[in-house]
Amino acid sequence: TGVQDVCSSDLHPGMIAKRYKLWGPMQEAVLGAARKISPDDAAAIFRQVVQADRKMKSGLADGVRSVEAQAVLLADRFS
């Protein structure tokens, strides 16, 4: 997975950035965040975001509120 790639000492950060198309100032922000979490935590975050997206698309959640809630959870996780 991408998180495992970032945590691997075998891959140069430039190679990871190229593989995942990370360019510009966000490159280090994304790589830095990925270094802070385990693959299991990344998978859990991904599942939460997908579930929130599914709820928004099916009309079970308010889009703005759901995005704000995910932003708060992510900010809390990476702070």
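Note that the coordinates shown come from a computational prediction; the quantities given were computed from them, not determined experimentally.
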Closest approach of Gln27 to Pro13 (non-hydrogen atoms, all atoms of both residues): NE2-O, 4.3 Å
Arg77 CZ to Gln48 CD distance, which is reported to the nearest 0.5 Å: 10.5 Å
Met56: which of Val67, Asp62, Val64 passes side-chain contact (heavy atoms from CB on, under 4.5 Å): Val67
Joint hydrophobic cluster, Phe46 plus Leu73, side-chain heavy atoms closer than 4.5 Å: no
Separation between CD1 of Ile45 and CG of Leu74, rounded to the nearest 0.5 Å: 6.0 Å
Those residues that, when tested against Lys18, pass side chain to side chain contact (heavy atoms under 4.5 Å, CB included) (two or more places apart): Trp23
Of all pairs that satisfy salt bridge (Lys or Arg N to Asp or Glu O under 4.0 Å), the ones with a partner from residues 42-61, not counting sequence neighbours: Asp53-Lys57
